[in-house]
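In this chain, residues are counted from 1 in sequence order.
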Amino acid sequence: MAMGRGSRNAALLLSILLIACSPLNSLAATHVVGDSQGWGFSMSYANWANGKSFAPGDTLVFNYQAGLHNVAPVNAVGYRSCKASGSASKAATTGNDKFTLKKGANYFICSIPGHCEAGMKIQVIAN
């Protein structure tokens with residue numbers, strides 16, 4: 001009988017270790033930017049993000065008609081100035097683009113001239 005208890009304890013310890021070591025991505029959420037309206041001129045993305053909870057590892061999905069818009073991850077300066085530079089200048093263009101959020105502030109813009117200035121930009125804080 002002592003062996004039975006030892007096996008149970010080992011199994012319990014193994015279970016706890018597996019749970020503790022499992023990646024947080026298994027808890028990650030997926031957020032469709034703009035919900036059913038998608039990524040475009042149709043809404044205020046600051047209002048859309050307001051009140052939502054975002055965490056590191058969550059995924060943002062940008063849905064839009066390919067060829068009309070794009071999505072460029074940028075830093076705070078690029079967000080404020082509506083300019084994508086460096087690696088951010090290589091915007092995603094598929095119309096169904098996915099980005100994994102990092103801890104802290106995450107910024108995205110449409111880098112097609114005039115689109116960001118017209119409101120196609122979003123800041124998401126992942127805590």
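For Asp58 (side chain) and Ala55 (main-chain N/O), a donor-acceptor pair under 3.5 Å exists by modelled atom type. With hydrogens and angles disregarded, a donor-acceptor distance shorter than 3.5 Å links the side chain of Asn75 to the backbone of Val77. Formation of a donor-acceptor pair under 3.5 Å by the Asn106 side chain with backbone atoms of Lys102 is found in this model. Looking only at distances, a side-chain donor or acceptor of Asn70 sits under 3.5 Å from a matching main-chain atom of Ser111.
Scanning for ring pair (Phe, Tyr, Trp, His ring centres under 6.0 Å) contacts around His69 gives Phe41, His115, with sequence neighbours left out.
Of all heavy-atom pairs between Ala92 and Phe99, the closest is CB-CZ, 3.9 Å. In terms of heavy-atom proximity, Phe108 sits nearest to Trp39 at O-CH2, 4.3 Å. Of all heavy-atom pairs between Val74 and Lys83, the closest is CG1-O, 4.2 Å. Residues Ile112 and Leu68 share a closest heavy-atom pair of CD1-O, 3.3 Å.
For the two cysteine residues Cys110 and Cys116, the thiol sulfurs sit 2.5 Å or further apart.
The stretch residues 32-69 participates, sequence neighbours left out, in no disulfide bond (SG atoms under 2.5 Å apart) pair at all.
At least one side-chain heavy atom of Phe62 sits under 4.5 Å from a side-chain heavy atom of Leu60. Contact check for Val61 versus Val33: no side-chain heavy atoms found under the 4.5 Å cut-off.
Note on ring orientation: taking the six-membered ring where Trp is involved, the planes of Trp48 and Phe54 are tilted (angle from 30° to 60°).
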Only distances under 3.5 Å count here; give the side-chain donor-acceptor pairs of residues 118-127 to other protein atoms, sequence neighbours excluded, each with its distance to 0.1 Å.
from: Lys121; atom 1: NZ; to: Tyr79; atom 2: O; distance (Å): 3.3

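Annotation: the span from Asp97 atom CG to Thr59 atom OG1 amounts to 12.5 Å, rounded to 0.5 Å.
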